[in-house]
Amino acid sequence: MYSGVLVTGVTVVVLVLGLHVLHRITAIAPEPLHVLPFESGRVPEQHALSRYHVRWYLATLLFLAFDVEMLFMYPWAVVVAQVGATAVVEMFLFLGALFVAVLWAWREGALRWV
Amino acid sequence: MGLSDVIARTAARHAHALVVEAPGSWRTRVMVERAVLARGWRLAVSPADADVLVVCGESGPRLADALGLVWHQMPGPRVRVDVRRYDEVAARLDDAQARLLDTAHHRDDAQHRPAAHDLLDEQDGDDDEDHGDHDGGHEGMDHGDMEMSPGGIPLAEGGADRDGLEMDILNVRLGPVLPHWPAGLVLRCSLQGDVIASAQAELLDGSGRCEQDPEAPGRRVDDIVSVLALAGWDAAAAEARAIRDSVLDHGLDDETRARLGRLARRMSRSRILRWSLRGLRPLTEQDLAQHGLPADAVGDAYDRAMGMLDRAVAGDAGAVLSTDHLGHLVKGLDLATARLVIASLGMQELRAGHAEHEVAHG
(Lines give C-alpha, C1' and ligand atoms only; values in the text may rest on other atoms or scores of the structure.)
Protein backbone atom coordinates (compact mmCIF):
# COMPACT_ATOMS: atom_id res chain seq x y z
CA MET A 1 0.00 0.00 0.00
CA TYR A 2 2.84 2.38 0.82
CA SER A 3 5.09 1.26 -2.02
CA GLY A 4 4.46 4.44 -4.04
CA VAL A 5 5.41 6.78 -1.20
CA LEU A 6 8.44 4.67 -0.36
CA VAL A 7 9.74 4.66 -3.93
CA THR A 8 9.30 8.44 -4.22
CA GLY A 9 11.03 9.01 -0.92
CA VAL A 10 13.99 6.85 -1.79
CA THR A 11 14.35 8.46 -5.25
CA VAL A 12 14.31 11.97 -3.80
CA VAL A 13 16.88 11.13 -1.12
CA VAL A 14 19.18 9.49 -3.65
CA LEU A 15 18.88 12.47 -6.03
CA VAL A 16 19.64 15.03 -3.34
CA LEU A 17 22.60 13.06 -2.00
CA GLY A 18 23.87 12.58 -5.55
CA LEU A 19 23.73 16.33 -6.24
CA HIS A 20 25.54 17.03 -2.98
CA VAL A 21 28.31 14.55 -3.80
CA LEU A 22 28.59 15.92 -7.35
CA HIS A 23 29.01 19.43 -5.97
CA ARG A 24 31.67 18.32 -3.51
CA ILE A 25 33.63 16.59 -6.25
CA THR A 26 33.45 19.22 -8.97
CA ALA A 27 33.57 22.48 -7.01
CA ILE A 28 36.91 24.21 -6.82
CA ALA A 29 36.32 25.41 -3.28
CA PRO A 30 33.30 23.64 -1.72
CA GLU A 31 33.00 26.11 1.20
CA PRO A 32 31.17 29.29 0.21
CA LEU A 33 33.25 32.43 0.10
CA HIS A 34 32.51 34.65 3.11
CA VAL A 35 33.22 38.25 2.33
CA LEU A 36 32.04 41.24 4.30
CA PRO A 37 29.24 43.44 2.99
CA PHE A 38 30.36 45.94 0.37
CA GLU A 39 30.64 49.47 1.70
CA SER A 40 32.53 51.20 -1.11
CA GLY A 41 35.98 50.10 -0.01
CA ARG A 42 35.77 49.98 3.79
CA VAL A 43 34.71 47.36 6.33
CA PRO A 44 31.23 48.27 7.63
CA GLU A 45 31.22 49.71 11.14
CA GLN A 46 27.76 48.54 12.17
CA HIS A 47 25.89 45.42 11.19
CA ALA A 48 23.11 45.82 8.68
CA LEU A 49 20.70 44.10 11.09
CA SER A 50 20.53 47.46 12.89
CA ARG A 51 18.82 49.06 9.92
CA TYR A 52 15.63 47.18 10.79
CA HIS A 53 14.20 48.46 14.03
CA VAL A 54 13.08 45.80 16.52
CA ARG A 55 9.55 47.25 16.44
CA TRP A 56 8.91 45.45 13.16
CA TYR A 57 9.50 42.08 14.83
CA LEU A 58 7.20 42.95 17.74
CA ALA A 59 4.49 44.08 15.35
CA THR A 60 4.83 40.76 13.53
CA LEU A 61 4.40 38.81 16.75
CA LEU A 62 1.27 40.80 17.58
CA PHE A 63 -0.15 40.05 14.15
CA LEU A 64 0.61 36.36 14.59
CA ALA A 65 -1.14 36.22 17.95
CA PHE A 66 -4.29 37.80 16.55
CA ASP A 67 -4.13 35.66 13.43
CA VAL A 68 -4.25 32.50 15.51
CA GLU A 69 -7.01 33.99 17.62
CA MET A 70 -9.00 34.61 14.45
CA LEU A 71 -8.48 30.95 13.58
CA PHE A 72 -10.05 29.96 16.90
CA MET A 73 -12.96 32.32 16.34
CA TYR A 74 -14.12 30.62 13.14
CA PRO A 75 -15.56 27.48 14.81
CA TRP A 76 -16.71 29.57 17.75
CA ALA A 77 -18.74 31.80 15.48
CA VAL A 78 -20.56 28.78 14.09
CA VAL A 79 -21.77 27.50 17.48
CA VAL A 80 -22.09 30.62 19.62
CA ALA A 81 -25.75 31.17 18.76
CA GLN A 82 -26.69 27.73 20.08
CA VAL A 83 -24.41 27.65 23.12
CA GLY A 84 -25.33 31.13 24.30
CA ALA A 85 -23.83 33.45 26.88
CA THR A 86 -21.17 31.09 28.28
CA ALA A 87 -19.49 30.90 24.88
CA VAL A 88 -19.40 34.69 24.62
CA VAL A 89 -17.89 35.05 28.10
CA GLU A 90 -15.22 32.43 27.37
CA MET A 91 -14.26 34.12 24.12
CA PHE A 92 -13.93 37.46 25.86
CA LEU A 93 -11.72 35.87 28.51
CA PHE A 94 -9.51 34.59 25.67
CA LEU A 95 -9.43 38.05 24.08
CA GLY A 96 -8.55 39.52 27.47
CA ALA A 97 -5.52 37.24 27.70
CA LEU A 98 -4.44 38.45 24.26
CA PHE A 99 -4.96 42.05 25.29
CA VAL A 100 -2.27 41.57 27.95
CA ALA A 101 0.11 40.94 25.06
CA VAL A 102 -1.03 44.13 23.34
CA LEU A 103 -0.46 46.09 26.55
CA TRP A 104 3.05 44.70 26.81
CA ALA A 105 3.85 45.61 23.21
CA TRP A 106 2.45 49.11 23.82
CA ARG A 107 4.74 49.58 26.81
CA GLU A 108 7.71 48.30 24.78
CA GLY A 109 7.11 51.00 22.18
CA ALA A 110 6.27 48.60 19.36
CA LEU A 111 3.22 50.65 18.40
CA ARG A 112 5.04 53.98 18.07
CA TRP A 113 5.07 54.91 14.43
CA VAL A 114 6.20 58.52 14.26
CA MET B 1 39.70 19.77 -22.20
CA GLY B 2 38.00 21.19 -25.27
CA LEU B 3 34.67 21.75 -23.56
CA SER B 4 36.05 23.72 -20.65
CA ASP B 5 38.08 25.89 -23.03
CA VAL B 6 34.98 26.67 -25.06
CA ILE B 7 33.01 27.53 -21.94
CA ALA B 8 35.84 29.68 -20.57
CA ARG B 9 36.20 31.61 -23.83
CA THR B 10 32.46 32.22 -24.07
CA ALA B 11 32.36 33.42 -20.47
CA ALA B 12 35.36 35.72 -20.95
CA ARG B 13 33.57 37.39 -23.85
CA HIS B 14 30.83 38.51 -21.45
CA ALA B 15 32.84 39.66 -18.47
CA HIS B 16 31.73 42.42 -16.10
CA ALA B 17 34.23 45.18 -15.32
CA LEU B 18 34.28 47.35 -12.20
CA VAL B 19 35.91 50.64 -13.19
CA VAL B 20 37.50 52.74 -10.46
CA GLU B 21 38.73 56.24 -11.20
CA ALA B 22 41.63 57.76 -9.32
CA PRO B 23 41.38 61.55 -9.00
CA GLY B 24 42.77 63.31 -12.04
CA SER B 25 42.20 60.52 -14.56
CA TRP B 26 38.89 61.41 -16.09
CA ARG B 27 39.89 60.84 -19.68
CA THR B 28 41.37 57.42 -18.91
CA ARG B 29 38.17 56.35 -17.19
CA VAL B 30 36.03 57.47 -20.10
CA MET B 31 38.23 55.59 -22.58
CA VAL B 32 38.05 52.49 -20.40
CA GLU B 33 34.26 52.66 -20.17
CA ARG B 34 34.07 53.04 -23.91
CA ALA B 35 36.39 50.11 -24.56
CA VAL B 36 34.59 47.88 -22.06
CA LEU B 37 31.20 48.52 -23.66
CA ALA B 38 32.60 48.20 -27.17
CA ARG B 39 33.86 44.66 -26.59
CA GLY B 40 30.51 43.45 -25.30
CA TRP B 41 31.37 43.54 -21.62
CA ARG B 42 29.26 45.26 -19.00
CA LEU B 43 30.03 47.78 -16.31
CA ALA B 44 29.66 46.23 -12.87
CA VAL B 45 28.14 48.13 -9.96
CA SER B 46 29.75 46.27 -7.08
CA PRO B 47 32.55 43.74 -6.51
CA ALA B 48 30.09 40.85 -6.25
CA ASP B 49 29.03 41.59 -9.81
CA ALA B 50 32.54 42.04 -11.21
CA ASP B 51 35.08 39.80 -12.93
CA VAL B 52 37.64 42.45 -13.83
CA LEU B 53 38.77 45.31 -11.60
CA VAL B 54 40.04 48.18 -13.75
CA VAL B 55 41.90 50.94 -11.91
CA CYS B 56 42.28 54.11 -13.99
CA GLY B 57 45.23 56.29 -13.16
CA GLU B 58 47.64 56.33 -10.25
CA SER B 59 46.00 55.56 -6.93
CA GLY B 60 47.29 57.08 -3.70
CA PRO B 61 47.81 55.03 -0.51
CA ARG B 62 44.30 55.34 0.89
CA LEU B 63 42.61 54.58 -2.39
CA ALA B 64 44.94 51.60 -2.68
CA ASP B 65 43.65 50.29 0.69
CA ALA B 66 40.07 50.64 -0.47
CA LEU B 67 40.94 48.84 -3.69
CA GLY B 68 42.61 46.05 -1.73
CA LEU B 69 39.41 45.45 0.20
CA VAL B 70 37.31 45.56 -2.95
CA TRP B 71 39.69 43.05 -4.52
CA HIS B 72 39.13 40.68 -1.59
CA GLN B 73 35.38 41.02 -2.01
CA MET B 74 35.35 39.96 -5.64
CA PRO B 75 34.43 36.32 -6.24
CA GLY B 76 36.73 34.24 -8.46
CA PRO B 77 37.66 34.11 -11.31
CA ARG B 78 38.92 37.65 -10.94
CA VAL B 79 41.52 39.76 -12.70
CA ARG B 80 42.95 43.15 -11.74
CA VAL B 81 44.14 45.62 -14.35
CA ASP B 82 45.88 48.97 -13.85
CA VAL B 83 45.50 51.42 -16.72
CA ARG B 84 47.82 54.38 -16.31
CA ARG B 85 47.34 56.28 -19.56
CA TYR B 86 44.45 56.42 -21.94
CA ASP B 87 46.38 55.07 -24.92
CA GLU B 88 47.10 51.68 -23.35
CA VAL B 89 43.45 50.82 -22.65
CA ALA B 90 42.94 48.31 -25.47
CA ALA B 91 46.14 46.42 -24.72
CA ARG B 92 45.32 46.14 -21.03
CA LEU B 93 41.78 44.90 -21.63
CA ASP B 94 43.05 42.27 -24.07
CA ASP B 95 45.51 41.19 -21.42
CA ALA B 96 42.67 40.98 -18.87
CA GLN B 97 40.62 38.79 -21.19
CA ALA B 98 43.60 36.48 -21.70
CA ARG B 99 44.19 36.25 -17.95
CA LEU B 100 40.55 35.37 -17.35
CA LEU B 101 41.13 32.20 -19.36
CA ASP B 102 43.96 30.98 -17.11
CA THR B 103 41.91 28.38 -15.23
CA ALA B 104 44.79 26.88 -13.28
CA HIS B 105 45.65 30.26 -11.78
CA HIS B 106 42.05 30.88 -10.77
CA ARG B 107 41.74 27.46 -9.19
CA ASP B 108 44.82 28.19 -7.12
CA ASP B 109 43.56 31.66 -6.23
CA ALA B 110 40.22 30.23 -5.05
CA GLN B 111 41.93 27.86 -2.64
CA HIS B 112 44.36 30.36 -1.16
CA ARG B 113 42.42 33.54 -0.65
CA PRO B 114 41.79 35.11 2.77
CA ALA B 115 38.37 34.76 4.44
CA ALA B 116 36.19 37.37 6.11
CA HIS B 117 37.67 37.15 9.60
CA ASP B 118 41.15 37.79 8.20
CA LEU B 119 39.86 41.02 6.66
CA LEU B 120 38.27 42.06 9.94
CA ASP B 121 41.43 41.32 11.89
CA GLU B 122 43.42 43.36 9.41
CA GLN B 123 41.06 46.29 9.90
CA ASP B 124 41.13 45.93 13.70
CA GLY B 125 44.90 45.63 13.57
CA ASP B 126 45.14 49.01 11.82
CA ASP B 127 42.94 50.67 14.42
CA ASP B 128 44.45 49.03 17.50
CA GLU B 129 48.07 49.52 16.55
CA ASP B 130 48.66 51.74 19.54
CA HIS B 131 47.05 49.38 22.02
CA GLY B 132 49.06 46.43 20.89
CA ASP B 133 46.55 43.65 21.46
CA HIS B 134 46.59 41.74 18.23
CA ASP B 135 44.86 38.64 19.56
CA GLY B 136 42.00 40.56 21.15
CA GLY B 137 40.00 40.92 18.00
CA HIS B 138 39.96 37.23 17.16
CA GLU B 139 38.92 35.96 20.57
CA GLY B 140 36.49 38.79 21.23
CA MET B 141 34.56 37.72 18.20
CA ASP B 142 34.33 34.08 19.25
CA HIS B 143 32.65 34.51 22.61
CA GLY B 144 30.76 37.61 21.61
CA ASP B 145 31.86 40.19 24.23
CA MET B 146 29.11 41.95 26.05
CA GLU B 147 27.35 43.26 22.96
CA MET B 148 26.30 41.14 20.03
CA SER B 149 28.67 41.11 17.09
CA PRO B 150 27.19 38.84 14.44
CA GLY B 151 29.97 37.95 12.05
CA GLY B 152 32.36 40.20 13.95
CA ILE B 153 30.59 43.46 13.11
CA PRO B 154 28.93 45.16 16.10
CA LEU B 155 25.31 46.31 16.18
CA ALA B 156 24.53 50.00 16.17
CA GLU B 157 23.98 52.25 19.17
CA GLY B 158 20.86 54.39 19.33
CA GLY B 159 20.35 58.11 19.44
CA ALA B 160 17.59 60.68 19.03
CA ASP B 161 16.75 61.48 15.42
CA ARG B 162 15.38 64.76 14.01
CA ASP B 163 11.84 63.97 15.28
CA GLY B 164 12.97 63.02 18.76
CA LEU B 165 12.37 59.30 18.20
CA GLU B 166 15.10 56.94 19.28
CA MET B 167 16.65 55.27 16.28
CA ASP B 168 19.89 53.42 15.67
CA ILE B 169 22.73 55.45 14.19
CA LEU B 170 24.71 53.76 11.45
CA ASN B 171 27.93 55.20 10.11
CA VAL B 172 28.01 54.49 6.41
CA ARG B 173 30.59 55.62 3.89
CA LEU B 174 29.67 56.47 0.34
CA GLY B 175 33.14 55.81 -0.73
CA PRO B 176 35.66 55.93 -3.48
CA VAL B 177 34.45 52.78 -5.21
CA LEU B 178 30.97 53.71 -6.39
CA PRO B 179 29.68 54.16 -9.93
CA HIS B 180 28.64 57.67 -11.04
CA TRP B 181 30.42 59.19 -8.06
CA PRO B 182 33.10 61.94 -8.08
CA ALA B 183 36.57 60.43 -8.05
CA GLY B 184 38.35 60.30 -4.70
CA LEU B 185 35.36 61.53 -2.68
CA VAL B 186 34.44 59.77 0.57
CA LEU B 187 31.21 60.91 2.22
CA ARG B 188 30.96 59.68 5.81
CA CYS B 189 27.22 59.67 6.59
CA SER B 190 25.42 59.16 9.88
CA LEU B 191 22.29 57.31 8.86
CA GLN B 192 19.16 57.04 10.93
CA GLY B 193 16.64 54.87 9.15
CA ASP B 194 17.10 56.01 5.56
CA VAL B 195 17.85 59.64 6.35
CA ILE B 196 21.33 61.14 6.49
CA ALA B 197 21.42 62.91 9.84
CA SER B 198 24.88 64.36 9.26
CA ALA B 199 27.69 63.91 6.78
CA GLN B 200 31.35 64.81 6.37
CA ALA B 201 33.01 64.82 3.01
CA GLU B 202 36.64 63.91 2.60
CA LEU B 203 39.01 63.75 -0.32
CA LEU B 204 41.27 60.73 -0.49
CA ASP B 205 44.91 61.47 -1.13
CA GLY B 206 44.42 65.11 -1.99
CA SER B 207 42.68 66.31 -5.12
CA GLY B 208 45.10 64.99 -7.72
CA ARG B 209 46.52 67.21 -10.42
CA CYS B 210 43.67 69.10 -11.92
CA GLU B 211 44.04 68.77 -15.66
CA GLN B 212 43.38 71.91 -17.65
CA ASP B 213 39.89 71.56 -18.91
CA PRO B 214 40.07 71.29 -22.68
CA GLU B 215 37.50 68.55 -22.54
CA ALA B 216 34.86 70.76 -20.94
CA PRO B 217 31.97 69.76 -23.23
CA GLY B 218 32.79 66.07 -22.78
CA ARG B 219 32.85 66.41 -19.00
CA ARG B 220 29.50 68.17 -18.95
CA VAL B 221 27.94 65.42 -21.05
CA ASP B 222 29.50 62.88 -18.67
CA ASP B 223 27.71 64.61 -15.79
CA ILE B 224 24.47 64.22 -17.72
CA VAL B 225 25.21 60.49 -18.10
CA SER B 226 25.59 60.22 -14.32
CA VAL B 227 22.34 62.02 -13.56
CA LEU B 228 20.34 59.98 -16.07
CA ALA B 229 21.85 56.68 -14.93
CA LEU B 230 21.18 57.46 -11.27
CA ALA B 231 17.63 58.51 -12.08
CA GLY B 232 17.17 55.08 -13.62
CA TRP B 233 16.77 56.07 -17.27
CA ASP B 234 19.33 53.72 -18.80
CA ALA B 235 18.32 54.24 -22.42
CA ALA B 236 18.88 58.00 -22.28
CA ALA B 237 22.09 57.46 -20.31
CA ALA B 238 23.38 55.19 -23.09
CA GLU B 239 22.53 57.84 -25.69
CA ALA B 240 24.31 60.49 -23.59
CA ARG B 241 27.32 58.19 -23.33
CA ALA B 242 27.41 57.84 -27.11
CA ILE B 243 27.25 61.63 -27.44
CA ARG B 244 30.11 61.97 -24.94
CA ASP B 245 32.25 59.56 -26.96
CA SER B 246 31.59 61.43 -30.18
CA VAL B 247 32.41 64.74 -28.46
CA LEU B 248 35.75 63.26 -27.43
CA ASP B 249 36.39 62.07 -30.96
CA HIS B 250 35.24 64.98 -33.10
CA GLY B 251 34.64 67.80 -30.65
CA LEU B 252 31.35 69.65 -30.62
CA ASP B 253 30.43 69.60 -34.33
CA ASP B 254 27.01 70.16 -35.87
CA GLU B 255 25.90 66.55 -35.78
CA THR B 256 26.78 66.25 -32.10
CA ARG B 257 24.95 69.45 -31.33
CA ALA B 258 21.90 68.08 -33.12
CA ARG B 259 22.08 64.92 -31.04
CA LEU B 260 22.40 66.95 -27.87
CA GLY B 261 19.38 68.94 -28.91
CA ARG B 262 17.37 65.76 -29.46
CA LEU B 263 18.44 64.46 -26.06
CA ALA B 264 17.43 67.75 -24.47
CA ARG B 265 13.96 67.55 -26.03
CA ARG B 266 13.61 63.95 -24.88
CA MET B 267 14.56 64.90 -21.35
CA SER B 268 12.20 67.85 -21.21
CA ARG B 269 9.29 65.73 -22.43
CA SER B 270 9.83 63.03 -19.81
CA ARG B 271 7.33 63.22 -16.99
CA ILE B 272 9.08 60.55 -14.94
CA LEU B 273 12.39 62.41 -14.99
CA ARG B 274 10.66 65.56 -13.83
CA TRP B 275 8.86 63.66 -11.09
CA SER B 276 12.13 62.04 -9.95
CA LEU B 277 14.19 65.21 -9.79
CA ARG B 278 11.71 67.94 -8.82
CA GLY B 279 12.11 69.36 -5.36
CA LEU B 280 15.46 67.72 -4.59
CA ARG B 281 17.59 70.14 -2.58
CA PRO B 282 16.34 73.43 -4.01
CA LEU B 283 19.07 76.04 -3.68
CA THR B 284 18.41 79.78 -3.42
CA GLU B 285 20.82 82.60 -4.17
CA GLN B 286 21.76 82.85 -0.51
CA ASP B 287 22.59 79.15 -0.38
CA LEU B 288 24.81 79.54 -3.41
CA ALA B 289 26.71 82.38 -1.82
CA GLN B 290 27.03 80.48 1.45
CA HIS B 291 28.34 77.29 -0.10
CA GLY B 292 30.46 78.86 -2.79
CA LEU B 293 28.53 77.38 -5.70
CA PRO B 294 28.33 78.94 -9.16
CA ALA B 295 25.24 80.90 -10.14
CA ASP B 296 23.81 78.25 -12.46
CA ALA B 297 23.30 75.78 -9.58
CA VAL B 298 20.17 77.66 -8.48
CA GLY B 299 16.91 75.77 -8.32
CA ASP B 300 16.30 72.09 -7.67
CA ALA B 301 17.97 69.06 -9.20
CA TYR B 302 15.70 69.11 -12.26
CA ASP B 303 16.67 72.70 -13.11
CA ARG B 304 20.32 71.86 -12.65
CA ALA B 305 20.07 68.75 -14.83
CA MET B 306 18.38 70.67 -17.66
CA GLY B 307 20.93 73.45 -17.24
CA MET B 308 23.73 70.92 -17.73
CA LEU B 309 22.71 70.45 -21.35
CA ASP B 310 22.99 74.17 -22.04
CA ARG B 311 26.34 74.26 -20.34
CA ALA B 312 27.51 71.32 -22.44
CA VAL B 313 26.67 73.11 -25.67
CA ALA B 314 28.25 76.33 -24.44
CA GLY B 315 31.37 74.53 -23.25
CA ASP B 316 31.29 76.03 -19.75
CA ALA B 317 33.49 74.82 -16.95
CA GLY B 318 31.92 72.91 -14.08
CA ALA B 319 31.62 73.83 -10.41
CA VAL B 320 34.60 73.78 -8.08
CA LEU B 321 33.39 72.68 -4.69
CA SER B 322 35.01 72.47 -1.30
CA THR B 323 34.41 69.37 0.80
CA ASP B 324 33.27 71.53 3.73
CA HIS B 325 30.03 72.37 2.01
CA LEU B 326 29.21 68.98 0.59
CA GLY B 327 28.24 67.63 4.02
CA HIS B 328 25.68 70.40 4.53
CA LEU B 329 24.21 69.90 1.10
CA VAL B 330 23.23 66.28 1.72
CA LYS B 331 22.02 66.63 5.29
CA GLY B 332 18.44 65.47 5.77
CA LEU B 333 18.23 63.56 2.48
CA ASP B 334 18.10 59.84 2.01
CA LEU B 335 20.86 57.93 0.24
CA ALA B 336 19.42 57.82 -3.28
CA THR B 337 18.48 61.50 -3.15
CA ALA B 338 21.95 62.42 -1.88
CA ARG B 339 23.57 60.64 -4.82
CA LEU B 340 21.27 62.40 -7.27
CA VAL B 341 21.93 65.80 -5.72
CA ILE B 342 25.69 65.32 -5.82
CA ALA B 343 25.49 64.19 -9.45
CA SER B 344 23.28 67.18 -10.32
CA LEU B 345 25.87 69.65 -9.05
CA GLY B 346 28.11 68.79 -11.99
CA MET B 347 31.40 69.05 -10.17
CA GLN B 348 34.53 69.54 -12.14
CA GLU B 349 36.91 69.63 -9.24
CA LEU B 350 36.68 68.94 -5.55
CA ARG B 351 39.01 70.72 -3.17
CA ALA B 352 39.85 69.69 0.35
CA GLY B 353 38.16 72.10 2.75
CA HIS B 354 39.54 73.86 5.83
CA ALA B 355 38.20 71.29 8.27
CA GLU B 356 40.18 68.59 6.55
CA HIS B 357 43.37 70.66 6.57
CA GLU B 358 43.02 71.20 10.32
CA VAL B 359 42.58 67.51 10.94
CA ALA B 360 45.59 66.71 8.80
CA HIS B 361 47.92 69.20 10.45
CA GLY B 362 46.41 69.25 13.95
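Proteins come first, then strands; the chains are lettered A, B, ... in the order of their sequence lines, and each starts at number 1. Keep in mind that the numbers below use all heavy atoms, side chains included, and drop hydrogens, waters and symmetry copies. Keep in mind that this is a model prediction, so the values were computed, not measured.
- If you tally non-hydrogen atom pairs under 4.5 Å between each of Val186(B), Asp194(B), Leu174(B) and chain A, the highest count goes to Asp194(B).
- Residues Gln73(B) and Pro37(A) approach most closely at NE2-O, 3.2 Å, considering heavy atoms.
- Contacts between Leu33(A) and chain B at a heavy-atom distance below 4.5 Å involve the side chain alone, from C-beta outward.
- Side chain of Glu45(A) to main chain of Leu170(B): no donor-acceptor pair is present (N/O by atom type, distance under 3.5 Å, no hydrogens or angles).
- None of Leu191(B), Asn171(B), Leu155(B), Asp168(B) except one satisfies the side-chain contact (heavy atoms from CB on, under 4.5 Å) rule with Gln46(A); the exception is Asn171(B).
- Counted within 6.0 Å of CZ on Phe92(A), heavy atoms from surrounding residues, nucleotides or ligands total 12 or fewer; the atom is thus considered open.
- Atom CH2 of Trp106(A) has 12 or fewer neighbouring heavy atoms from other residues, nucleotides or ligands inside a 6.0 Å radius.
- For the set Pro75(B), Pro176(B), Ala156(B), the entry with the most heavy-atom pairs within less than 4.5 Å of chain A is Ala156(B).
- The contact between Gln111(B) and chain A is made entirely by side chain atoms (from C-beta outward), counting heavy-atom distances below 4.5 Å.
- Gly41(A) and Leu69(B) get closest at one heavy-atom pair: C-CD2, 3.7 Å.
- Ranked by heavy-atom pairs shorter than 4.5 Å toward chain A, the options Ile169(B), Leu67(B), Val172(B) are led by Val172(B).
- Considering all non-hydrogen atoms of both residues, Phe38(A) and Val70(B) come closest at CE1-CG2, 4.1 Å.
- Note on Pro47(B), Ser46(B), Ala110(B): by heavy-atom pairs under 4.5 Å with chain A, the leading option is Pro47(B).
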